[in-house]
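Presented below is the structure to which this report refers.
No hydrogens, no waters, no symmetry mates; every other heavy atom, side chains included, goes into these values.
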Amino acid sequence: MAETTTITRPAPIIEGSLTAFLKSIDKLGAGAVPAGFAGIDPSKYAPKIAAESQLQQDVRTAAGGLGALTGPDAYKSFMSPYQQEVIDTTLSEFDRQQTIANTARRDQAIQAGAYGGGREGVLAAEAARGASANRANLQAQLLAQGFQQAQAAAAQDLAARQGLGQYQTQLGQSGQAQQQAILDAAAAAEREQQFQPFTQLGLIGQQLAQIQPGAFPTQTVGYAPPAAPASPLATALGVGTGVASIGSKLGLFG
């Protein structure tokens with residue numbers, strides 16, 4: 001039985017485009033590149049990390065010195081340079097008032113005729129002990145007040161430095177993020193440049209693939225292969241049948 005092979009070819013109007021497209025793909029697949037294309041170089045679009053900004057570096061350097069503001073001696077640099085003068089002046093006034101009080105007490109003892117007696121001596125000693133204790137307490141209060149003020153000033157300075165550091169860190173990170181965006185955009189553009197031939201062929205291929213098969217007339221070629229030669233047996237049978245038919249017509253066979 002004869003077989004027919006049908007070959008459907010694209011319309012001549014697009015056959016040239018398909019041929020050129022396939023040849024271009026073959027060239028890229030075989031390593032051949034178009035003119036002006038030096039091949040894909042991944043190093044051109046390799047990811048890059050933006051360097052830290054100067055603000056970030058300054059903040060890190062400044063943060064290294066914050067330890068001095070949290071130690072036990074941090075308050076000392078915030079002590080008032082006039083504190084000792086205030087203490088000395090206050091104690092001098094206390095001593096003056098104490099002298100006045102001692103004089104008044106002595107005058108009272110003299111008027112009462114008890115000056116130099118045992119009772120007056122006990123009262124004077126007790127007054128001196130109380131005055132000494134009061135003087136020490138007054139000095140301690142002045143020192144504590146200066147210490148508390150210095151501690152508060154140190155805490156305020158630390159908080160201000162930390163707030164400034166956070167603000168500078170945010171500004172530095174914003175600058176670094178901007179630089180990172182610039183690097184990423186440059187890498188993306190370079191990658192597009194590297195893949196431009198492949199992208200172009202891909203777009204062409206998409207357009208060619210969207211063309212409907214019936215949009216343009218096609219050419220159909222039919223081909224029928226020759227019949228296979230008969231076998232010797234079939235030939236012999238065919239010959240015998242022909243002879244018998246002729247003999248029958250001639251009345252040679254009963």
Side-chain angles (χ1 to χ4, degrees), residues 47-186:
K48 296 179 181 179
I49 304 299
E52 285 187 330
S53 64
Q54 186 61 44
L55 275 176
Q56 290 173 296
Q57 298 176 12
D58 293 342
V59 169
R60 183 180 295 105
T61 302
L66 292 181
L69 300 178
T70 58
D73 297 331
Y75 73 95
K76 290 184 178 180
S77 60
F78 295 92
M79 293 290 291
S80 172
Y82 306 103
Q83 182 181 16
Q84 191 60 46
E85 295 181 9
V86 173
I87 293 175
D88 293 342
T89 301
T90 303
L91 293 179
S92 295
E93 179 62 21
F94 178 87
D95 293 340
R96 190 180 72 84
Q97 294 296 331
Q98 188 62 37
T99 300
I100 294 174
N102 291 338
T103 300
R105 187 174 53 255
R106 184 188 61 184
D107 292 343
Q108 291 177 358
I110 292 173
Q111 292 176 1
Y115 182 73
R119 182 179 178 183
E120 191 274 334
V122 172
L123 292 176
E126 186 64 22
R129 186 188 67 80
S132 178
N134 291 336
R135 190 180 192 277
N137 288 335
L138 177 60
Q139 184 178 12
Q141 290 176 2
L142 292 173
L143 290 173
Q145 182 179 2
F147 172 76
Q148 291 173 357
Q149 291 175 350
Q151 282 283 69
Q156 291 176 355
D157 182 69
L158 177 60
R161 290 174 183 263
Q162 290 176 336
L164 178 61
Q166 292 176 355
Y167 177 69
Q168 290 177 328
T169 298
Q170 292 175 356
L171 288 180
Q173 290 175 346
S174 298
Q176 185 183 24
Q178 181 180 8
Q179 292 299 320
Q180 186 64 55
I182 293 175
L183 291 176
D184 293 343

TODO: Work out which heavy atom in Met79 is nearest to a heavy atom in Ala150; give both atom names and the distance.
DONE: SD-CB, 3.4 Å
- [ ] Find the distance between OG1 (Thr90) and CD (Glu85) and round it off to the nearest 0.5 Å.
- [x] 11.5 Å
Which donor-acceptor pairs under 3.5 Å do the side chains of residues 131-139 make with protein atoms, sequence neighbours left out?
from, atom 1, to, atom 2, distance (Å)
Asn134, ND2, Gly130, O, 3.1
Arg135, NE, Asp95, OD1, 2.8
Arg135, NE, Asp95, OD2, 3.4
Arg135, NH2, Asp95, OD2, 3.1
Asn137, ND2, Ala133, O, 3.2

- [ ] Check Gly172 against Ser53 and note the closest heavy-atom contact, atom names and distance.
- [x] CA-OG, 3.1 Å
Task: Reported CD-to-CG distance for the pair Gln166 and Leu171, which is rounded to 0.5 angstrom - done: 12.0 Å
Open item on the list: Within the 4.5 Å heavy-atom criterion, are Gln179 and Leu183 side-chain neighbours or not?
Closed with: no
TODO: Please tell me if the side chains of Gln83 and Leu143 come closer than 4.5 Å, counting only heavy atoms from C-beta onward.
DONE: yes
- [ ] Compare every heavy atom of Gln180 with every heavy atom of Ile49, then report the nearest pair and how far apart it is.
- [x] CA-OE1, 3.4 Å
- [ ] Kindly state each residue pair satisfying salt bridge (Lys or Arg N to Asp or Glu O under 4.0 Å) with at least one member in residues 175-186, sequence neighbours excluded.
- [x] none
Open item on the list: Please report the interatomic distance CD(Gln57) to CD(Gln168), rounded to the nearest 0.5 Å.
Closed with: 12.5 Å
- [ ] For Asp157 and Ala153, indicate whether the former's side chain and the latter's backbone hold a donor-acceptor pair under 3.5 Å.
- [x] no
Task: Heavy-atom side-chain proximity of Ile87 to Gln84 below 4.5 angstrom - done: yes
- [ ] Give a yes-or-no answer on whether the side chains of Glu93 and Gln97 include a donor-acceptor pair shorter than 3.5 Å.
- [x] yes
TODO: Check whether any side-chain heavy atom of Leu55 sits under 4.5 Å from a side-chain heavy atom of Thr169, and report yes or no.
DONE: no
TODO: Verify, without hydrogens or angle tests, whether Gln148 (side chain) and Gln145 (backbone) share a donor-acceptor contact under 3.5 angstrom.
DONE: no
Task: Value rounded to 0.5 Å, distance of CG in Asp88 from OH in Tyr82 - done: 15.0 Å
- [ ] Say whether Gln176 and Gln56, considering side chains only, have a donor N or O and an acceptor N or O under 3.5 Å apart.
- [x] yes
Task: Derivation and outcome, side-chain contact (heavy atoms from CB on, under 4.5 Å), residues Gln54 and Asp58 - done: CA-CA 6 Å; Gln54 186 61 44; Asp58 293 342; 3.0 Å; yes
Open item on the list: Tell me the closest heavy-atom pair linking Gln151 and Tyr75, and the distance in Å.
Closed with: OE1-CB, 3.4 Å
